[in-house]
Student: 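The structure is given below, and queries will be raised subsequently.
Every number for a ligand or one of its atoms is a count from 1 in the order of the listing. Computed from heavy atoms alone, side chains included, the values below leave out hydrogens, waters and symmetry copies. FYI, the numbering just counts along the sequence from 1.
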Amino acid sequence: MVSEFDVIARYFSRPTPQAVLGPGDDCALLAPAAGSELAISTDMLVEGSHFLPDTDPCQLGWKALAVNLSDLAAMGATPRWALLAGSFPEVRAVWLEAFATGFFACATHYGVDLVGGDTTRGPLNLCLTVIGEVAAGTALRRDRALPGDDLWVSGQPGLAALGLAHLQGTTRLSEGLARRCLAALQQPRPRVELGRELRRRGLAHAAIDVSDGLLGDLEHVLERSAVAAEVSTTQLPYLPAGADPTLARRCQLSGGDDYELVFSAPPAKRGALSALAAELDLPLWRFGRVFAAATATDATRLTVVDENGQPLAIDRTGFDHFG
Ligand code: ADP
Ligand code: MG
C-alpha cells in the first residue's frame with residue numbers, strides 16, 4: 001500500500017532553494033529578507049463548491065496555487081513560499097502526477113517554493129497557504145482609497161464567469177471566445193507584476209483582487225476606506241464579441257474567478273499608469289471615481305451608470321458562499 005509519506009515524497013517534494021529547511025521536518029524554516037514584512041494568506045478549494053467535479057487535475061493544480069498568489073498580488077507582495085494541505089479520496093498515480101505537474105508549473109512560473117503541508121485521505125479538498133514578502137510599511141491595502149482617486153481595473157474581467165456558463169451549458173460562446181474564456185477560468189494569471197509595480201512605484205492608494213466579482217470586491221474597498229464611488233460601464237473594457245451582451249455585462253460586473261486587480265490611484269498618476277500598462281502589456285481601465293461618503297450606508301456607496309448616464313440596477317453582490 002502507498003503511504004502518506006510515499007505520496008509526499010513522490011509528488012510534493014521538490015527542491016526549495018528559498019527555504020532554510022523545506023518539507024520533511026516538523027516545521028519548515030524560512031528567513032525573510034531584512035526590512036520586509038510577511039504577507040500571508042490561506043484559501044480553501046472544495047470540490048463542487050470552488051471547482052467542478054472531474055476538473056482536469058493539471059488545471060486544478062495550477063489554479064489552486066494561482067488564486068492564492070492573487071491575494072499576494074493584491075497587496076503588492078512578492079510570492080516566496082507555499083504550504084499545501086490536501087485531502088485526496090484515493091491515491092491515483094495519474095491524477096496526483098497531473099495535479100503536481102500543474103501545481104509546480106505555477107510555482108515555478110511565480111518563483112514559489114512548496115515548503116510543507118499535510119496530506120490525508122478524504123473528500124477532495126485543497127487548502128493552500130501562501131507567504132510573500134513586501135518592504136515594511138508599503139503593502140497595498142483595501143482601506144487606503146481617498147476621495148478624488150480614480151478607480152482602475154486590469155485586463156478583461158468577466159471572461160472566467162462566461163467560461164463557466166459555457167461549460168455548464170447555460171450559454172453558447174463562439175469558438176474563439178470560448179477558448180479565451182476557458183483559459184481565463186482554468187489557468188488564471190494572478191497579476192503579481194502589476195501589484196508589485198503599483199506598490200514599488202507608489203502608483204496606487206488601495207487595491208483588491210477580483211475573486212468574487214468586480215462590483216462586489218470594489219465595495220469591500222469602499223467600505224474599508226469609508227468612501228463612495230461612481231463607476232461607468234462606458235469606461236469598462238468593450239464586451240467581448242461572441243457572447244450574449246446582457247450576460248457578458250453581468251459577468252463583467254459581477255462574475256467571479258477573474259483575479260484581475262482593482263485599485264484606486266490619484267489622478268496625477270494617470271500618465272505613469274498608462275506607461276506601466278504598456279510596459280506590462282496589460283490593459284488598465286480607468287472606470288470610476290472615488291468620492292467622500294455622504295452617509296456610510298451600503299445603498300449609496302456605489303453608483304453604476306450606463307451609456308446614457310442612467311443609474312444601472314444590477315445585482316452587484318459578489319459570490320457569497322453563505323448568501
Ligand atoms: P507531522 O506529523 O509532523 O505533521 P507530516 O507527516 O504531516 O508531519 O508531514 C511530514 C512532512 O511532510 C512535513 O514537513 C510536512 O510539512 C510535509 N508535507 C506533508 N504533506 C505535504 C504536501 N502535500 N506538500 C508538501 N509538503 C508536505
Ligand atoms: Mg501533519
Student: Can you name the salt bridge (Lys or Arg N to Asp or Glu O under 4.0 Å) partners of Arg14, sequence neighbours left out?
Tutor: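 For Arg14, no residue satisfies salt bridge (Lys or Arg N to Asp or Glu O under 4.0 Å) once neighbours in sequence are set aside.
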Student: Quick one: are Cys181 and His166 in side-chain contact, heavy atoms under 4.5 Å?
Tutor: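 Cys181 does not reach His166 side chain to side chain.
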Student: What atoms in ligand 1 come closer than 4.0 Å to a heavy atom of Gly116?
Tutor: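 Taking each heavy atom of Gly116 in turn, ligand 1 has 16 (O), 24 (N), 25 (C), 26 (N), 27 (C) under 4.0 Å.
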Student: Taking 4.0 angstrom as the limit and counting only heavy atoms of Phe12, give me the atoms of ligand 1 inside it, by number and element.
Tutor: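 Answer for ligand 1: 22 (C), 23 (N), 24 (N), 25 (C).
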Student: So, does Gly24 sit close enough to ligand 1 that a heavy atom of it is under 4.0 Å from the ligand?
Tutor: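 Gly24 counts as a contact of ligand 1 under the 4.0 Å cut-off.
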Student: Please identify which atoms of ligand 1 are closer than 4.0 Å to at least one heavy atom of Asp118.
Tutor: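 Contacts of ligand 1 toward Asp118, numbered from 1: 7 (O), 19 (C), 20 (N), 21 (C), 23 (N).
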Student: Relative to the heavy atoms of Pro23, which atoms of ligand 1 are at a distance of less than 4.0 Å?
Tutor: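 By the 4.0 Å cutoff, the relevant atoms are 14 (O), 26 (N).
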Student: Would you check whether Gly117 has a nitrogen or oxygen atom less than 3.5 angstrom from a nitrogen or oxygen atom of ligand 1?
Tutor: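 The answer is yes, given that Gly117 and ligand 1 share an N or O pair closer than 3.5 Å.
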Student: Do Arg189 and Gln187 have a side chain donor and acceptor closer than 3.5 Å?
Tutor: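 Yes, because at least one side-chain N or O of Arg189 sits under 3.5 Å from a partner of the opposite role on Gln187.
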Student: List for me each residue that meets ring-ring contact (aromatic ring centres under 6.0 Å, His included) alongside Phe99, sequence neighbours excluded, and say none if there are none.
Tutor: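 For Phe99, the residues satisfying ring-ring contact (aromatic ring centres under 6.0 Å, His included) (neighbours in sequence not counted) are Trp95.
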Student: Taking non-hydrogen atoms only, is Asp25 closer than 4.0 angstrom to ligand 1 via side chain, backbone, both or neither?
Tutor: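 Under 4.0 Å from ligand 1, Asp25 contributes backbone atoms alone.
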Student: Can you name the atoms of ligand 1, numbered from 1 with element, that are less than 4.0 Å from a heavy atom of Phe5?
Tutor: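 What qualifies from ligand 1 is 6 (O).
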Student: Considering the heavy atoms of Asp26, write down every atom of ligand 1 situated less than 4.0 Å from one of them.
Tutor: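 Close to Asp26: 3 (O).
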Student: Is there a donor-acceptor contact under 3.5 Å from the side chain of Asn125 to the main chain of Gly86?
Tutor: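 A pair under 3.5 Å: no.
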Student: For Leu114, take its heavy atoms, then give the atoms of ligand 1 lying under 4.0 Å from any of them.
Tutor: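 Near Leu114, meaning under 4.0 Å from one of its heavy atoms, ligand 1 has 24 (N), 25 (C).
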Student: Taking 4.0 angstrom as the limit, do Arg80 and Asp113 come out as a salt bridge?
Tutor: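 Result for this pair is no, no salt bridge flagged.
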Student: Hey, are Glu219 and Arg301 close enough for a salt bridge, meaning a charged N less than 4.0 Å from a carboxylate O?
Tutor: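 Judged by the 4.0 Å cut-off on N to carboxylate O distance, Glu219 and Arg301 do not form a salt bridge.
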Student: At a 4.0 Å threshold, what atoms of ligand 1 neighbour a non-hydrogen atom of Thr119?
Tutor: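 Going through ligand 1 atom by atom, the ones under 4.0 Å from Thr119 are 19 (C), 20 (N), 21 (C), 22 (C), 23 (N).
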Student: Quick test of your reading of the model: are Arg141 and Glu37 salt-bridged, counting only N-O distances below 4.0 Å?
Tutor: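 Looking at Glu37 together with Arg141, the answer is no, because their closest N to O distance does not fall below 4.0 Å.
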